[in-house]
Amino acid sequence: HVYQGYFVPPNYDSMIGKIITYGDTREQAIARMRIALSEMVVEGIKTNVPLHRDVILQDADFCRQAQNIHYLESQLLTNAPKPKPENV
């Protein structure tokens, strides 16, 4: 469905793709996801690949299944860019 030059309409779900990995263990599935995300190339639009690759899959709590329904919200608040101080 998505092709070079495609416009993602704002009135539809913003998900244009999905990566699913599996393994015999959680660790194996996470390792496969790290590889998949390291090889992912999407140009022209912003994605949440960096969030998954650099934050979620690097988090020890996530990797050992110590998360809950509020996990992502907490990560987004913790890792939100800090506002730059204004020059006075």
Side-chain angles (χ1 to χ4, degrees):
H1 175 87
V2 178
Y3 51 86
Q4 185 173 349
Y6 179 76
F7 172 75
V8 180
N11 54 336
Y12 289 100
D13 186 350
S14 59
M15 186 171 67
I16 60 166
K18 186 180 208 177
I19 301 173
I20 300 172
T21 59
Y22 66 94
D24 291 335
T25 65
R26 180 175 181 82
E27 292 78 19
Q28 187 179 49
I30 288 172
R32 288 177 173 172
M33 181 60 78
R34 286 183 176 135
I35 292 168
L37 292 173
S38 74
E39 296 174 350
M40 175 65 61
V41 176
V42 178
E43 296 177 340
I45 60 173
K46 291 183 179 182
T47 70
N48 62 6
V49 169
L51 171 67
H52 288 271
R53 183 189 60 223
D54 303 333
V55 177
I56 296 173
L57 292 177
Q58 300 303 319
D59 182 63
D61 287 340
F62 177 86
C63 292
R64 70 172 177 266
Q65 291 182 294
Q67 71 281 355
N68 59 43
I69 193 168
H70 303 289
Y71 172 81
L72 183 57
E73 179 182 15
S74 171
Q75 285 300 314
L76 292 174
L77 289 172
T78 302
N79 293 289
K82 307 295 184 254
K84 295 179 183 177
E86 294 182 31
N87 293 334
V88 182

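FYI, the numbering just counts along the sequence from 1.
Phe62 is not listed as a side-chain neighbour of Val55, based on a closest heavy-atom distance of 4.5 Å or more. For the pair Leu72 and Ile56, the minimum side-chain heavy-atom distance is below 4.5 Å. In this structure, the side chains of Leu76 and Leu51 come closer than 4.5 Å at one or more pairs of heavy atoms.
Within the structure, ring-ring contact (aromatic ring centres under 6.0 Å, His included) contacts touching residues 15-52 (residues at least two apart or in different chains) do not occur. Identified under the salt bridge (Lys or Arg N to Asp or Glu O under 4.0 Å) test for residues 20-35, with sequence neighbours left out: none.
When all heavy atoms of Ile19 and Met40 are compared, the pair lying nearest together is CD1-CE, 3.0 Å. The minimum heavy-atom distance between Ala29 and Gly23, with the atom names listed, is CB-N, 3.8 Å.
Between the SG atom in Cys63 and the CD atom in Gln58 there is a gap of 7.0 Å [rounded to 0.5 Å]. Rounding to the nearest 0.5 Å places CD1 of Ile35 at 14.0 Å from CZ of Arg53.
Judged as a side-chain hydrogen bond (donor to acceptor under 3.5 Å, both in side chains), and not counting sequence neighbours, Asp54 has no contacts.
A side-chain donor from one of Tyr71 and Asp59 sits under 3.5 Å from a side-chain acceptor of the other.
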